Amino acid sequence: MDRKKIEELYHQMLLIRRAEEALQKLFADGAVPGFLHLSIGQEAVPVGVSSQLLERDTVSSNHRGHGHALAKGVGLEPFFAEILGKATGICRGRGGSMHVADLSIGMLGANGIVGAGLPITTGSALALKMQGEGHIAVVYFGDGALAEGVFHECMNMAALWSLPVLFVCENNGWSEFSPTERQLSASLERLAGAFGVSYLAVDGNDAIDVADSASRLIKPMRENPRPGVLECSTTRVRGHFEGDKQDYRESEEVAALGERDPIRKCRQALVAAGVPARWFEEKAAEIDAFIDGAVRAALAAPEPSINEITRDVYTNAELAP
Amino acid sequence: MDRKKIEELYHQMLLIRRAEEALQKLFADGAVPGFLHLSIGQEAVPVGVSSQLLERDTVSSNHRGHGHALAKGVGLEPFFAEILGKATGICRGRGGSMHVADLSIGMLGANGIVGAGLPITTGSALALKMQGEGHIAVVYFGDGALAEGVFHECMNMAALWSLPVLFVCENNGWSEFSPTERQLSASLERLAGAFGVSYLAVDGNDAIDVADSASRLIKPMRENPRPGVLECSTTRVRGHFEGDKQDYRESEEVAALGERDPIRKCRQALVAAGVPARWFEEKAAEIDAFIDGAVRAALAAPEPSINEITRDVYTNAELAP
Amino acid sequence: MVHAINKALHDAMAEDASVFVIGEDIAAAGGSFKATRGLLEKFGPTRVRDAPISEAAITGVAVGAALTGMRPVAEIMFMDFITLSMDMLVNQAAKARSMFGGQGSVPMVVRTPHGGGLNAGPQHSQCLEAWFAHIPGLKVVCPSTPANAYGLLRAAIADPDPVIFVENKALYAVKGDLPDTPAALKLGEANIVRQGRDVTIVAYGATVAMALAAAETLKQDGVEAEVIDLQTIQPWDETLVLDSLTRTHNIVIAHEAVEQFGVGAEIAARMADVGFDELDGPIVRVGAPFAPSPFAKSLERAYRPKADDIVAGVRRSLA
Amino acid sequence: MVHAINKALHDAMAEDASVFVIGEDIAAAGGSFKATRGLLEKFGPTRVRDAPISEAAITGVAVGAALTGMRPVAEIMFMDFITLSMDMLVNQAAKARSMFGGQGSVPMVVRTPHGGGLNAGPQHSQCLEAWFAHIPGLKVVCPSTPANAYGLLRAAIADPDPVIFVENKALYAVKGDLPDTPAALKLGEANIVRQGRDVTIVAYGATVAMALAAAETLKQDGVEAEVIDLQTIQPWDETLVLDSLTRTHNIVIAHEAVEQFGVGAEIAARMADVGFDELDGPIVRVGAPFAPSPFAKSLERAYRPKADDIVAGVRRSLA
Ligand SMILES: Cc1ncc(C[n+]2csc(CCOP(=O)(O)OP(=O)(O)O)c2C)c(N)n1
Ligand SMILES: Cc1ncc(C[n+]2csc(CCOP(=O)(O)OP(=O)(O)O)c2C)c(N)n1
Ligand SMILES: [Mg+2]
Ligand SMILES: [Mg+2]
């Protein structure tokens, strides 16, 4: 992969990382309402996958969806404003962290229901196939979602109907406070095999590998629609949600996470490619300034007006009770 | 398998066959309310499996459950009375063909919801394992049920928790009016394999094979609880339900079904073992008489009283509104 | 009525290429109740899709397709099976527009048959429409005749929001000509099918004809009943019902669903609030008793509401 | 209140070896709201089972275990997720006894939290109890204090039939001593928590405390409100509510769920029928507006019913 592309992957990952670090701080300050699930350590997956997507490709996501949204192109200020519950939020403050969506760029939403993105994406893929312009649909889900029945239903339908769905499993080894081995007795590879769906496993903390594998699956899908599964082994650095002390995890495991930091890995590749230290400093400064501005604007924005509550329940408002 | 055992298999199959033929006639005469799904051609599966079950083992069934119920030991007269909607029915006429159950012998019910028997049986197996007396739970389901999400959820749980569940798939190649290949893109063998669940395939029209394979799976389960899958390829001779003209099936296919008749197959085995023609005549006469009596009694029974409608909604009746 | 539903599907698909249908045995077999007959031949397997037995995915596929520019019409073979679709309908389809700040809509329809009369038993006869009426973001429609089945289904398919379109099985066989160019109706509007000054009977689906029959019986004791066909259950036409009550001062609500916590409860509750000063007698509801729908002929016959139950309800309200 | 629920689970499991608990992250982690804390240590992994994220199977496993001699208590982490359990609850658990002719019972409990206050947004805040109250065969319970949470949960676990036990998240933090030997309560009985002659306020769960606060405000304008804590939503204590109405002649019903087609509709409808002659004013319901539960602080605060809304409702009913 050429250096410019890798620089872009690095840029995107750092943007997501810094954005989530900002959220982490805002949460600690009590500025973030509700639940906050951070994807720190998992940035390479959405960044690698999105590097292979077109604007009209669709993605759906789950509760840990900040990276998925930003990588697909959701604006930083409406993103922060949403998570802070502000009127200028991308969802006008009605959804929050678990519901960030931008339908104008095919981001069909984070989701509070584990597994719910699977059928939504399968349906989106069906629509895209019927529209016949070579677009595809991506669903990001965790290892925990593999236990939900809709996973099976959707693998079957996608295979049966040759739908252009990329199933991206972010396997971080945990479902909330339970390790995967206490949740699942099957391997995703063998499940995909049972449905005859092509499967690739990748180091989910290596953005270049993720991008390459994603492109190997996606390119043929555009010509000749069919599903694919990309299993990304990755690392949940923070707790299940902010406030989770992770006392159920071995300290060694947590300590070792740094070793697998996707951003560090990417930086090493860039350094090897001859990118000077100055570039990294400038990049960091640029991103920090960008995020600063967005956070400041989001914090300054007003809360939504309570007259908004019953708005948009129906599209044709005159029908609302 | 010794001759007495085979004679018993033959007896059970013929009993189910004649009972369903009686129902077929009663339906044609307009005496059977609601939907009637006959299992003619599939009798070897429940008969073979039940030959390996103990009274406290449990079974749950689906919409095509007459054979499952009779093979587990549901009484013939309360069986007919239920399907005819009579007060003397095993369910007092409240359930009908799709809900025949006899909890006193662990028959947890036919079911009107495709796939619903799977979690019920998984839970029954969990209870039996906790009770620790070596009993097992069997679920009969069709190839169509393999598309339901609960199948996946239950395979996972049963494997994860080593539950004594025998998953018996009656693969007759059809889900209502659709052939299996338009319904499912996976093979049950590979799905079972993905969960590490032991799997056996068998000619579902050969009662001896079914009994042998069932015993190979069940015997170890009693010592050391764990799930197993038995896939029985079988033949739906009648329509999906009575009244279905099957115009969607090739006449050759329908014609060829007779070749695979499980009762004929079993008879051949008995003849080879030296059972005389007279035995078959006596058996047929005995069963016909038995069924005749049961049908006559069921027809003569009264319809349930309408005061029964709100009965048994709650166990503690004083709470009913 | 099934011919009207079938024609509405044919016409909607012919008019709008983004409309497609999906469900179990709806294509080759034309549907369990033949509502989708002929669609496969006319529009092909891409737009008329036989699905595996996966109600959650069928419904979710409709949600995702609706979010991606299509207008799916999914069939759930019996309303009892919609229990497997609830997350997709309630947490996803119903909420997407509001939860995403009005960014988009979810133009999908789920057609599903409810009600008894076939001795299909406790898991093939339920009327669960009250559940969906409780969920902001869903619309709920239930036709009573071939003519309004056509007009309401066309309106439901054209509507930008998710619509649960409930078809009473016992009405499928009802014949009735359709005008050559039948009109789409407006969702949210009820219909006075009989005028009367003494009592208002609100009904929907199969109980509309019962209410009309009851009105004829009541006429013999000089009671003139006004019969309202609700047509849309959510949002329902409170204005029309209240206006009728202000003329009749008595109201009875009838549906096939279980009476307790059913659709009638909301209508009664609203009339006992905004219509309180107009009421001259108790609000009476007629519905199924608090029990699963039983199988046996004798039991199902007694279980389902009848015109006589409505007559008795009116008499009690006027007593 | 969570300590009372936890104690009820401990005591029930200690008393009856057939009781076991199953759910997501309920064992090692002690549950998302810590209701099952300590059970794993005390009763071991066989009776305290962490399940995969499979709500349909978790619920179905409870049904099958209940039909096989056990008394499962399943936890569905948020009531919004019970949308995935509906077939097992509605078509299986609710109907088994009646549909099988009274052969057996399904002694299971599903515990699940409802309600807002955590800014958890549209898919983690819903109050769906009205759905279950509409289904013959299910019982629905919702405690309002630590004391009745203990007594009602013990009664639910001891009950032979399937019980949906709804816990309001905002009440989990409510402290309150329990008697050393707290008593089990009877399902189906409501409780007059404040006596008054002028108006009856019916509430359950989180709105009970609001109703009491409203009563104190109303006292200042000389209005004495009687407050009824429903405790059991299905079967609900119609006798007690009607008796109160016959003394107060006005009634207001308050719950956190969406007002339209909610639990309050049934209570209002019954009072507008059997209680009609007792009514001196409109029946007023207080509930959430017709919209998904919004995320933002300002929005959720305004969305959730408050004591002032109950005060306003009472004033409107008495006006
Ligand atoms: C249907 C449903 N069940 C349970 C939950 C609660 N829950 C939220 S996240 C989560 C664990 C998900 O694990 P995984 O899919 O691996 O994603 P991760 O958090 O590891 O990124 C659970 C159980 C939910 N939101 N939805
Ligand atoms: C959840 C659910 N979906 C759909 C149906 C309608 N239905 C009844 S039987 C059937 C086909 C089942 O096929 P299979 O499981 O192979 O059993 P078979 O009829 O072949 O014995 C369908 C779709 C149902 N009863 N329940
Ligand atoms: Mg995970
Ligand atoms: Mg089949």
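So that the names make sense, note that chain A is the first sequence line, chain B the second, and so on, each numbered from 1. Keep in mind the model is a prediction, meaning the values are calculated, not measured.
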### Where B:F177 and C:A29 come nearest, the two heavy atoms and their spacing
CD1-CB, 3.6 Å
### Task
Could you check B:N111 against C:Q123 for side chain to side chain contact (heavy atoms under 4.5 Å, CB included), going step by step and ending with a plain yes or no?
CA-CA 8 Å; B:N111 212 303; C:Q123 293 174 342; 3.2 Å; yes
### Summary
Separation between OH (C:Y303) and CZ (B:R94), nearest 0.5 Å, reads 12.5 Å
### Closest heavy-atom pair and its distance - C:A120, B:M98
O-CE, 3.8 Å
#### Entry: Check: B:P33 and C:E300 side chains under 4.5 Å, non-hydrogen atoms
no
### Interatomic distance, B:F35 atom CZ to C:L118 atom CG [nearest 0.5 angstrom]
5.5 Å
### Message
Show, in sequence, the C-alpha distance, side-chain angles and deciding distance for B:S175 and C:E24, and conclude whether the side chain to side chain contact (heavy atoms under 4.5 Å, CB included) test is met.
### Response
CA-CA 9 Å; B:S175 304; C:E24 294 160 14; over 6 Å; no
### Task
Kindly give the heavy-atom pair with the smallest separation between B:G95 and C:P122, and that separation in Å.
O-CD, 4.3 Å
### Query
Given a strict heavy-atom distance threshold of 4.5 Å, which part of C:A51 is in contact with chain B: side chain, backbone, both, or neither?
backbone
### Query
What option among B:G115, B:A145, B:A147 has the most heavy-atom pairs under 4.5 Å with chain C?
B:A147
### Option that, when pairs with chain B are counted at under 4.5 Å, heavy atom only, ranks first among C:P292, C:S54, C:A302, C:A56
C:S54
### Query
How long is the span from the OG atom in B:S97 to the CZ atom in C:F295, to the nearest 0.5 Å?
7.0 Å
### Query
Side chain, backbone, both or neither: which part of C:T83 has an atom under 4.5 Å from a heavy atom of chain B?
neither
### Task
Kindly compute the distance separating CD (B:E303) from CZ (C:R301), expressed to the nearest 0.5 Å.
6.5 Å
### Summary
Of the listed B:L146, B:L184, B:I306, the one with the largest count of heavy-atom pairs under 4.5 Å with chain C is B:I306
### Query
Given side chains that start at C-beta, do those of C:F290 and B:T310 come closer than 4.5 Å, heavy atoms only?
no
#### Entry: Minimum side-chain heavy-atom gap B:E176-C:M77 below 4.5 Å
yes
### Query
Does any heavy atom of chain C fall under 4.5 Å from the side chain of B:L36, the backbone, both, or neither of them?
neither
### Message
Would you compute the distance between atom CZ of B:R92 and atom CG of C:L299 and round it to the nearest 0.5 angstrom?
### Response
11.0 Å
#### Entry: Test side chain to side chain contact (heavy atoms under 4.5 Å, CB included) applied to B:E148 and C:L84, step by step
CA-CA 10 Å; B:E148 288 283 8; C:L84 295 160; 4.2 Å; yes
### Query
Got a second to check how far C:I53's CD1 is from B:D143's CG, nearest 0.5 Å?
8.0 Å
